[in-house]
Amino acid sequence: MATLKDVAALAGVSVKTVSNVVNGHAFVRGDNRRRVEEALLATGYRPNLGARNLRRGRTGFLGLVLPELGIPYFGELAGLVLRAAQSHEWNVLIEQTLGTREGERATLASLGTHLIDGAIVSPEALLEGDFAELAPGIPVVVLGEHSVDLPIDRVGIDNVRAAREAVRHLLSLGRTRIAAIGAHPHRGTAAQRLEGYRSALAAAGLPPRDDLVATALNYHRRDGAAAMAALLALPEPPDAVFCFNDLLAVGALRTVAEHGLRVPEDVAVVGFDNNEEGSYSRPSLTTVAPDKAAIAGAAVDLLLRRVETADLPPEQVQTPFRLEVRESTGGSGG
């Protein structure tokens with residue numbers, strides 16, 4: 001295996017110059033950098049990341065704490081975080097909490113500076129005091145909008161505005177009995193999406209109907225199907241439904257079809273997350289599409305910033321989203 005000394009001899013430069021190039025330092029003359037890069041390719045040199053991290057006082061790992069990898073949004077997000085972390089020579093330890101406060105607290109308590117340099121956490125049930133479970137000195141970036149009022153780095157979309165735009169789209173179709181599936185007693189994002197849903201109806205002059213708001217303790221297909229069945233059993237069933245994730249929406253689509261109704265003619269359906277499944281459902285699913293790559297990249301960048309400079313003020317990054325209009329509200333497929 002080639003060493004720094006081998007690369008330096010081939011390039012005709014000092015070992016220090018090779019080290020500066022390998023470690024990404026800017027103060028290397030252009031001709032020297034070119035010769036070193038050519039020598040690195042010729043020798044097949046690979047840096048010893050473990051030794052480098054020891055010198056930096058780092059583990060080379062970051063923690064990624066997610067509710068459920070079986071939910072496509074989180075699975076896709078995990079892959080994007082892995083890709084972003086690799087660009088900074090970080091490995092990723094992924095933990096699944098199942099979205100319970102007990103699971104989230106236990107996971108935070110298990111993470112220590114001997115394991116990770118920092119953590120990206122997508123909480124659903126944590127309270128402010130629970131963050132004290134994390135070992136001192138571990139930087140944290142929180143994904144999503146949550147009610148915890150802590151000086152901490154955060155990345156997410158504007159869930160209230162996104163939900164409002166989704167419901168405005170349904171209103172623009174002339175729908176007046178618009179239901180919501182996904183209310184939850186503990187999830188902060190659910191509260192914000194419910195707020196956006198209600199504010200859009202209020203702006204349109206439609207009185208709130210509690211019977212059109214369906215709770216979902218889990219965000220799986222079966223929960224959406226069951227909630228849709230209860231809504232269709234109402235004396236005045238909905239003519240449209242806004243679901244707080246795409247799996248709920250796919251379940252709702254199934255129930256509507258089983259009741260002999262048509263989408264979107266009888267019931268228009270909108271989801272949230274832009275999972276691949278929705279673009280292949282029949283009909284294809286209109287959905288709120290967060291920029292998941294931007295979320296992952298911003299979270300990793302914020303964590304790196306916090307690892308390198310611990311006393312910076314906390315930062316909140318709001319990433320973009322769009323409404324992807326497809327067949328379930330009268331748009332085109334795909």
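Everything quoted here is computed from the prediction, not taken from an experiment.
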Requested in this report: Please confirm whether the backbone N or O of Gly103 pairs with a side-chain atom of Thr107, one donor and one acceptor, at under 3.5 Å?
Outcome: yes

Requested in this report: Before accepting this row, confirm whether a basic side-chain N of the pair Asp153/Arg305 lies closer than 4.0 Å to the acidic partner's carboxylate O.
Outcome: yes

Query raised in the report: Under a 4.0 Å N-O cut-off, is there an ion pair linking Arg161 with Glu195?
Result: no

Query - N/O donor-acceptor pair under 3.5 Å between Tyr197 side chain and Ile178 backbone - result: yes

Query raised in the report: Any side-chain donor-acceptor pair under 3.5 Å between Thr287 and Glu324?
Result: no

Report summary line: CG (Leu201) and CZ (Arg177) are apart, to the nearest 0.5 Å, by 13.0 Å

Query raised in the report: Hey, quick one: are Leu312 and Val142 part of the same hydrophobic cluster, counting side-chain heavy atoms closer than 4.5 Å, chains of contacts allowed?
Result: no

Requested in this report: Scan side-chain atoms only and decide if Thr329 and His169 contain a donor-acceptor pair under the 3.5 Å cut-off.
Outcome: yes

Query raised in the report: In terms of the angle between their ring planes, are Phe244 and Phe242 parallel, tilted or perpendicular, with boundaries placed at 30° and 60°?
Result: tilted

Report task. Kindly compute the distance separating CZ (Phe272) from CG (Leu323), expressed to the nearest 0.5 Å. Result -> 10.0 Å

Requested in this report: Mark yes or no for whether His184, through its side chain, and Ala190, through its backbone, hold a donor-acceptor pair below 3.5 Å.
Outcome: no

Query - Value rounded to 0.5 Å, distance of OG in Ser279 from CG in Asp246 - result: 9.5 Å

Query raised in the report: Looking at Val256 and Leu232, what are the two nearest heavy atoms and their distance?
Result: CA-CD1, 4.2 Å

Query raised in the report: Would a distance-only check, ignoring hydrogens and angles, find a side-chain to backbone donor-acceptor pair under 3.5 Å from Ser328 to Thr286?
Result: yes

Report task. Indicate yes or no: at least one non-hydrogen side-chain atom of Val81 is less than 4.5 angstrom from one of Arg83. Result -> no

Query raised in the report: Heavy atoms, side chains only, cut-off 4.5 Å: are Arg175 and Leu171 in contact?
Result: no

Query raised in the report: With no hydrogens and no angle check, is any side-chain donor or acceptor of Asn275 less than 3.5 Å from a backbone partner on Pro72?
Result: no

Query raised in the report: Which atoms form the tightest heavy-atom contact between Ala119 and Ile138, and what is the distance?
Result: N-CG2, 4.2 Å

Query raised in the report: Got a second to check how far Ile116's CD1 is from Trp90's CH2, nearest 0.5 Å?
Result: 10.0 Å

Check: residues 7-14 side-chain donor-acceptor pairs under 3.5 Å, at least two apart:
{"from": "Ser14", "atom 1": "OG", "to": "Thr17", "atom 2": "N", "distance (Å)": "3.1"}
{"from": "Ser14", "atom 1": "OG", "to": "Thr17", "atom 2": "OG1", "distance (Å)": "3.0"}

Requested in this report: Ignoring hydrogens and angles, tell me if any N or O in the side chain of Tyr219 forms a donor-acceptor pair with the backbone of Gly182 under 3.5 Å.
Outcome: yes

**Report entry** Leu80 and Ile295, any side-chain heavy atoms less than 4.5 Å apart
**Finding:** no

Report task. Looking only at non-hydrogen atoms, find the nearest pair between Ala294 and Pro320 and report the distance. Result -> CB-CD, 4.5 Å

Report summary line: Closest heavy-atom pair, Gly118 versus Leu303, reported as atoms and distance to 0.1 Å, is C-CD2, 3.8 Å

Report task. Without swapping roles, check the side chain of Asp239 against the backbone of Val267 for a donor-acceptor pair under 3.5 Å. Result -> no

Requested in this report: Please answer: with hydrophobic residues joined when any side-chain heavy atoms are less than 4.5 Å apart, are Leu98 and Leu247 in the same cluster?
Outcome: no

Query raised in the report: Which distance, rounded to the nearest 0.5 Å, do you find between the CG of Asp301 and the OG of Ser87?
Result: 7.0 Å

Query - side chain to side chain donor-acceptor pair (under 3.5 Å) contacts in which one or both residues fall within residues 247-263, not counting sequence neighbours - result: Arg254-Glu258, Arg262-Asp266

Query raised in the report: Ile120 pairs by side-chain contact (heavy atoms from CB on, under 4.5 Å) with which of Val300, Val155, Val65, Leu302?
Result: Val300

Query raised in the report: Got a sec: does the CD of Glu265 have more than 12 other heavy atoms crowding it under 6.0 Å?
Result: yes

Query raised in the report: Does Lys292 use its side chain to pair, donor to acceptor, with the backbone of Phe74 at less than 3.5 Å?
Result: no

Requested in this report: With sequence neighbours left out, write down each residue that passes side chain to side chain donor-acceptor pair (under 3.5 Å) with Ser199, or none if nothing qualifies.
Outcome: Arg164

Report task. Determine, step by step, whether Leu253 and Ser281 satisfy the side-chain contact (heavy atoms from CB on, under 4.5 Å) criterion, reporting the C-alpha distance in whole Å, the side-chain angles of both residues, the deciding distance to 0.1 Å, and the verdict. Result -> CA-CA 9 Å; Leu253 287 175; Ser281 63; 4.0 Å; yes

Report task. For Gln316 and Arg154, indicate whether the former's side chain and the latter's backbone hold a donor-acceptor pair under 3.5 Å. Result -> no

**Report entry** Within-4.5 Å side-chain heavy-atom neighbours: Met228 and Pro238
**Finding:** yes

Query raised in the report: Does Glu327 reach the main-chain N or O of Pro283 with its side chain, forming a donor-acceptor pair under 3.5 Å?
Result: no

Query raised in the report: Could you go step by step and tell me if Arg326 and Asn274 meet the side chain to side chain donor-acceptor pair (under 3.5 Å) rule?
Result: CA-CA 11 Å; Arg326 299 194 182 108; Asn274 194 30; 2.9 Å; yes

Report task. Kindly determine whether Arg221 and Glu277 satisfy salt bridge (charged side-chain N to carboxylate O under 4.0 Å, His left out), including the steps that lead there. Result -> CA-CA 12 Å; Arg221 298 168 188 84; Glu277 179 179 357; 2.8 Å; yes

**Report entry** Rounded distance (nearest 0.5 Å) linking atom CG of Asn159 with atom CZ of Arg187
**Finding:** 12.5 Å

**Report entry** Steps toward side-chain contact (heavy atoms from CB on, under 4.5 Å) verdict (Thr97, Leu66)
**Finding:** CA-CA 6 Å; Thr97 66; Leu66 298 171; over 6 Å; no

Query raised in the report: Using a distance-only test with no angle check, is there a side-chain donor-acceptor pair under 3.5 angstrom linking Glu68 and His220?
Result: yes

